[in-house]
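Heads up: numbering here begins at 1 and tracks the sequence.
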Amino acid sequence: MAKTVADFFVERLHAWGVRRIYGYPGDGINGVFGALQRAKGKIEFIQCRHEEMAAFMASAHAKFTGQLGVCIATSGPGASHLVTGLYDARLDHMPVLAIAGQQARAALGGHYQQEVDLPAMLKDVAGAFTQTVVTPPQVRHVTDRAIRIALAERRVTAIILPNDLQEMEYVEPPRAHGTLHSGIGYAAPRTVPYEHDLRRAADVLNAGKRVAILAGAGALHATDELIAVADRLGAGVAKALLGKAALPDDLPWVTGSIGLLGTRPSYDLMTECDTLLMVGSGFPYSEFLPKEGAARGVQIDLAPDMLSLRYPMEVNLVGDSAETLRALLPLLRENPNRRWREQVEDWTRKWWQTLEDRAKQPADPINPQRVAWELSPRLPERCIITSDSGSCANWYARDLRMRRGMMCSLSGGLASMGAGVPYAIAAKFAHPDRPVIALVGDGAMQMNNMAELITVAKYWRQWSSPRWICGVFNNEDLNQVTWEQRVMEGDPKFEASQRIPNVPYHKFAELIGLKGIYVDTSEGIASAWAEALAADRPVVVEFKTDPEVPPLPPHITLKQAKAFASTLVKGDPAEGRVLVNTAREVLASVLPGKD
Ligand SMILES: Cc1ncc(C[n+]2csc(CCOP(=O)(O)OP(=O)(O)O)c2C)c(N)n1
Ligand SMILES: [Mg+2]
């Protein structure tokens, strides 16, 4: 049999180093699946339950390996299902290639079955490069460009393959006018600013008496460099959600997460600093950064379009974070005054105590914060943690103390529900020897994570270690939004939109051959985690948690507090609950200036 376009395409992906593709089949992309089969395992195909999950897995693959993530779907509904997962990669700057089928070329424009204008649909999310291949020789340069652009620009790209074209015989581009002769390969450059710009940055940082550093996803590989610079400047460091693993939390001057899911010392660090060094972060909420003009700013980012976007920086450096910090270090003077550092350490020490107190507050039946608090010291070495969007992201962000060698991530920029389990699956495929733990709300389980447990059941036996755990927070509520409605809008809980059915997640796990654990007492939390971590197969550990424990922002404005207080008198279904009082107490303690 002659080599088809699809055979060449699969070969080319392999030549680029692609070894795993997440996706779902369909007749629009059958040619490529045939070629994958003929390639005899050179590229592993992982079958997901839904194309959106495949795209989340591709995004997570890129996050946990630093390589290109690849997902594949059929034409029409398969391709449109990919979109949310692709946006996740797009917003978190991950290199992901989407491969989509399309109707036969002769049918295009004919309102044909499953015909969707895919270039138009993908124009925004895969705007860096989206191309429909219409003739066999074109597939070579389209593949080469799609991958090179995805890697170099850390963007999503898409290749659309009409189904008839996939089956055609592949022909190399002829040596003729109007043809392209492309090649493979990409090596990331070493990106470091010019010396004179580094000096300008050093001047600003050396003049600072109270330096705050904000580290994001772009600083994940710059741990040593961050520590060296922070020590030299006597700085405290806050971490954006995607930069949670950039620094271990056992360093006393690491204030933890920032923002709505953040910590009080991070808030204080930003409010009180006189100089801000932002490293590899697109953290969106400016109100958690210093007030404009209150601090001098230096920013380091690989992406020029992310510079001076949240705070007007005095010095904007385009560079790799590790390389740039290393180049900056010799220009930085030791800050002899350690008072600021001590202040930051004092705030942080007190905050960890506050977190423990909050986690230990009684609740009905389980305080969700305690679930994360108890997990934290039990986290195995080199584990990978993922979180879904929902109130568990608060506990993930605040309560889990990262240690060196661990990794973690979630859908950051898009903050999409439904990423927790697919992220954890991709983490396990990328690092089968490492324990993987996903934290997921019940709403997100019902939305799509439950179905993806079937993917775990299908594949776990091929993982070298079976340690894969999904911790479910069953609160029968879309709790994060319930609290947002209360605190931000001053609205009482809207039962019709917020309350969700009670589902026995642990029993579902057992039904499909995984282990299920159910916990509804505080005393049972620690032993449940221990049991899950020691299990001989993947586990769903379900915690029956109280929806009335507020996942409050670390600082909350007086206006919001008043809105919240007025909600409670306006007839919230939870009115009168003991925890409402607790919430009030917490509110009081987090109001700025009311310690
Ligand atoms: C796809 C998607 N839809 C809606 C939202 C808005 N949203 C954010 S958190 C949340 C509630 C999540 O509920 P659950 O998974 O039960 O977690 P909980 O907050 O109850 O712990 C919702 C609806 C979102 N982020 N993503
Ligand atoms: Mg919930």
Side-chain angles (χ1 to χ4, degrees), residues 22 50-71 79-98 121-130 146 149-158 214-220 239-246 257-262 278-286 288-289 299 301-310 321 386-390 393 396-397 407-424 426-427 444 447-448 480:
Y22 293 99
H50 187 297
E51 294 85 352
E52 180 182 320
M53 303 295 105
F56 277 136
M57 289 181 207
S59 175
H61 176 86
K63 288 185 176 187
F64 293 127
T65 65
Q67 304 160 357
L68 180 77
V70 185
C71 54
S80 63
H81 266 180
L82 287 177
V83 170
T84 299
L86 296 180
Y87 269 111
D88 174 60
R90 170 77 187 102
L91 269 64
D92 287 348
H93 307 270
M94 285 300 121
V96 165
L97 170 67
M121 183 186 82
L122 295 166
K123 186 171 186 290
D124 182 41
V125 73
F129 185 81
T130 294
I149 289 171
L151 289 170
E153 298 183 15
R154 308 173 63 78
R155 292 279 298 266
V156 176
T157 59
L214 174 59
L220 286 173
K239 299 183 290 185
L241 201 49
L242 292 171
K244 184 172 170 68
S257 54
I258 188 172
L260 287 169
L261 312 183
M278 205 191 280
V279 187
S281 177
F283 169 66
Y285 304 141
S286 296
F288 287 91
L289 297 178
Q299 187 175 354
D301 208 294
L302 206 47
D305 64 323
M306 296 307 292
L307 292 167
S308 265
L309 204 54
R310 317 294 190 212
S321 56
T386 72
S387 172
D388 216 284
S389 294
Y396 159 90
M407 291 198 270
C408 60
S409 201
L410 40 50
S411 172
L414 191 63
S416 176
M417 285 170 73
V421 169
Y423 263 46
M447 186 177 268
N448 45 21
Q480 179 70 21

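- In this structure, A215 and S281 approach most closely via the heavy-atom pair C-CB, 4.4 Å.
- Listed by chain and number, the residues in a side chain to side chain donor-acceptor pair (under 3.5 Å) with S286 amount to none (sequence neighbours excluded).
- The shortest distance between side-chain heavy atoms of C408 and T386 does not fall below 4.5 Å.
- Taking both residues in full, the closest heavy atoms of D305 and L309 are given as O-CD2, 3.6 Å, listed atom of the first, atom of the second, then distance.
- Looking at Y423 and M57, their side chains never come closer than 4.5 Å, going by heavy atoms from C-beta outward.
- Put simply, CG on D301 and OG on S321 are 8.5 Å apart, with the number rounded to the nearest 0.5 Å.
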Distance-only donor-acceptor pairs under 3.5 Å for side chains of residues 150-158, two or more places apart:
| unit_1 | atom_1 | unit_2 | atom_2 | d |
| --- | --- | --- | --- | --- |
| R154 | NE | H93 | O | 3.4 |
| T157 | OG1 | A146 | O | 2.8 |

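- Contact detail for L220 and A246: the closest heavy-atom pair is CD2-N, 3.5 Å.
- A donor-acceptor pair under 3.5 Å is formed between the side chain of Q299 and the backbone N or O of M306.
- Using a 4.5 Å heavy-atom threshold, the side chains of C71 and L86 count as touching.
- Every ring pair (Phe, Tyr, Trp, His ring centres under 6.0 Å) that F283 has, sequence neighbours left out, goes to Y285.
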Using atom types as modelled, flag every donor-acceptor pair under 3.5 Å from a side chain in residues 413-420 to any protein atom, sequence neighbours excluded.
none

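- Minimum interatomic distance between G412 and D88 (heavy atoms only, all atoms of both residues): N-OD1, 4.2 Å.
- With contacts defined as side-chain heavy-atom distances shorter than 4.5 Å, the pair L410/S389 does not qualify.
- Annotation: the span from L214 atom CG to K239 atom NZ amounts to 11.5 Å, rounded to 0.5 Å.
- The side chain to side chain donor-acceptor pair (under 3.5 Å) search around S387 returns none, not counting sequence neighbours.
- By the side-chain contact (heavy atoms from CB on, under 4.5 Å) test, A427 is found to be paired with F64, I384, V436, residues two or more places apart in sequence or in another chain being considered.
- In this structure K63 satisfies the salt bridge (Lys or Arg N to Asp or Glu O under 4.0 Å) test together with D92, sequence neighbours excluded.
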Discussion item. Go through it in stages, so that I can follow the logic: the residues are F56 and V421, the test is side chain to side chain contact (heavy atoms under 4.5 Å, CB included), and I'd like the CA-CA distance, side-chain angles, deciding distance and then a yes or no.
Written reply: CA-CA 9 Å; F56 277 136; V421 169; over 6 Å; no
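- How far CE of M278 is from OG of S308: 8.5 Å, rounded to the nearest 0.5 Å.
- With sequence neighbours excluded, the residues forming a side chain to side chain donor-acceptor pair (under 3.5 Å) with H50 are H81, listed by chain and number.
- Summarising the geometry, atom OH belonging to Y396 is positioned 5.5 Å from atom OG belonging to S409; distances are rounded to the nearest 0.5 Å.
- Atom CG of L261 and atom CZ of F288 lie 9.0 Å apart (nearest 0.5 Å).
- Closest non-hydrogen pair, P95 versus A62, comes out as O-CB, 3.7 Å.
- Put simply, the side chain of V125 does not reach to within 4.5 Å of the side chain of T130, judged on heavy atoms.
- Looking at residues two or more places apart in sequence or on another chain, you find a side chain to side chain donor-acceptor pair (under 3.5 Å) between D388 and N449.
- Evaluated for a side-chain contact (heavy atoms from CB on, under 4.5 Å) with V83, the options R90, E52, M121 yield exactly one hit, M121.
- Note: S80 OG to E51 CD = 8.0 Å, rounded to the nearest 0.5 Å.
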